[in-house]
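Have a look at the structure below before the remarks.
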Amino acid sequence: MLKIVLLGAPGSGKGTQGAELATRYSVPQIATGDLLREAVAEDSELGRAAKAAMDAGELVSDETVIGMIRDRLTSPDAANGFILDGFPRSLAQAEELDRLLTELDRPLQRVIHLQVDNEEIVQRLTDRGRGDDTEETIRNRLAVFAAQTEPLVAYYEARGLLTPVNGSGTVEEIQERIVRAIEGA
Ligand code: AP5
Ligand code: MG
């Protein structure tokens, strides 16, 4: 049973590493960004409400993402574990996640903090070119991460759950570091 959070700035590799871990450990990767992009593509009410914030690189409301996570974590395929990618992203989300996992009797095992320099991040995202990968939006996503998400580093450190991992290098090297962090080797 793997129950982890991948915490890291935009472009730090949460999606890339999360997908590899999901295959390796046979648990779902639950990425709020992907769920929100699906909702936008379907033009659902939730998607229409989220789109402006996503285009600007701001956070979508806590209520919206917490609702999505609650649905996702209580679905059967998450019964044996999960990899959370891009959630939680604010203190309110982290506190709500704690409450939900206590309720489900499935406490977090580890929070992996992927660390990558901002210049490398801007380079990676500019090369990728997703809808929200314009230079201006990337800068704002980084500022939003620093202001609203980085406080979670101290939050999880205080709970003894945080492991910093160097997020620079090849995908394989970084995967190896994460596996060592998870398996405590
Ligand atoms: P989200 O989709 O979560 O985007 P993000 O956090 O900005 O991060 P990215 O997905 O861009 O990067 P990543 O860390 O997954 O890295 P990746 O592996 O893709 O969120 C998007 C938006 O949705 C937010 O701005 C917000 O509006 C909203 N949202 C989402 N969750 C929310 C929440 N909880 N609360 C409120 N709002 C929320 O890698 C990036 C690139 O680098 C790729 O091209 C990849 O191929 C490349 N790469 C990866 N690893 C390496 C490597 N080792 N070397 C070289 N290149 C690499
Ligand atoms: Mg991602």
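Counting convention: from 1, in listed order, for ligands and their atoms alike. The structure presented is a predicted model; accordingly, all values stated were derived computationally and were not measured.
Under a 4.0 Å heavy-atom criterion, Arg130 is in contact with ligand 1. The closest approach between Gly11 and ligand 1 falls below 4.0 Å for a heavy atom of the residue. No heavy atom of Ala56 sits closer than 4.0 Å to any atom of ligand 1. Distances from ligand 1 to the non-hydrogen atoms of Arg37 include at least one value under 4.0 Å.
Considering only non-hydrogen protein atoms, atom 35 (N) of ligand 1 sits nearest to Gln93 NE2, 2.9 Å. Atom 23 (O) of ligand 1 has Met54 CE, 3.6 Å as its closest protein atom, hydrogens excluded (heavy atom only). If you check which protein heavy atom lies closest to atom 18 (O) of ligand 1, you get Thr16 OG1, 2.5 Å. Closest to atom 27 (O) of ligand 1 among all protein heavy atoms lies Glu58 O, 2.6 Å. Distance from atom 8 (O) of ligand 1 to its nearest protein heavy atom, with residue and atom name: Lys14 NZ, 3.3 Å. Of the protein's non-hydrogen atoms, Arg124 CD, 4.0 Å is the one closest to atom 48 (N) of ligand 1. Shortest contact from atom 15 (O) of ligand 1 to any protein heavy atom: Gly15 N, 2.9 Å. Ranking protein heavy atoms by distance to atom 43 (C) of ligand 1, first place goes to Arg128 CD, 3.9 Å.
If you check each of Leu84, Asp132, Leu36 against atom 29 (N) of ligand 1, the one with the closest non-hydrogen atom is Leu36. Comparing Gln175, Glu120, Arg141, Arg89 by heavy-atom distance to atom 6 (O) of ligand 1, the nearest is Arg89.
Hydrophobic clustering (ILVMFWY, side-chain heavy atoms < 4.5 Å, transitive): Val111 and Val65 are in one cluster.
Checking Asp55 against Thr137 by side-chain atom types alone, no donor-acceptor pair falls below 3.5 Å. Neither side chain, Asn166 nor Gln115, offers a donor N or O lying under 3.5 Å from an acceptor on the other. No side-chain N or O of Arg99 forms a donor-acceptor pair with one of Thr102 less than 3.5 Å apart. With 3.5 Å as the limit, one finds no donor-acceptor pair spanning the side chains of Arg89 and Thr149.
Near Ala9, the atoms of ligand 1 lying under 4.0 angstrom from a non-hydrogen atom of the residue are 14 (O). Residue-ligand proximity, Ile174 to ligand 1, at heavy-atom distances under 4.0 Å covers atoms 53 (N). Atoms of ligand 1 found under 4.0 Å from any heavy atom of Thr32 (numbered from 1 in listed order, with element): 30 (C), 31 (N), 32 (C), 33 (C), 34 (N). Residue Gly13 approaches ligand 1 through these ligand atoms, each under 4.0 Å from one of its heavy atoms: 13 (P), 14 (O), 16 (O), 17 (P), 18 (O).
In terms of polar-atom proximity, defined here as any N/O pair under 3.5 Å, Gly169 does make such a contact with ligand 1. Between Gly86 and ligand 1, at least one N/O pair is under 3.5 Å apart. Considering backbone and side-chain N/O of Asp34, none are found under 3.5 Å from N/O of ligand 1. Below 3.5 Å of separation, one finds no N or O of Val65 facing any N or O of ligand 1.
Under a cutoff of 6.0 Å and an axis angle of 45°, Arg159 and Tyr155 form a cation-pi pair.
Checking side-chain atoms of Asp133 against main-chain N and O of Arg130 turns up a donor-acceptor pair under 3.5 Å. A side-chain donor-acceptor contact under 3.5 Å links Arg48 to the backbone of Asp43. With Thr64 contributing its side chain and Val60 its backbone, the two residues share no donor-acceptor pair below 3.5 Å. Within the 3.5 Å criterion, the main-chain N or O of Ala78 finds a donor-acceptor partner in the side chain of Arg106. At least one donor-acceptor pair under 3.5 Å links the side chain of Lys14 to the backbone N or O of Ala9.
Distance OG1/Thr134 to CZ/Arg139: 11.0 Å, rounded to 0.5 Å.
When heavy-atom distances to ligand 1 are checked against a 4.0 Å cut-off, Ser61 has no atom that comes that close, whether in backbone or side chain.
Glu96 and Arg70 are joined by a salt bridge, as a carboxylate oxygen and a charged side-chain nitrogen come within less than 4.0 angstrom of each other.
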For a salt bridge (Lys or Arg N to Asp or Glu O under 4.0 Å) check, start with the C-alpha distance between Arg24 and Glu20, then their side-chain angles and the critical distance, and finish with the verdict. CA-CA 6 Å; Arg24 184 186 287 257; Glu20 302 247 333; 5.8 Å; no
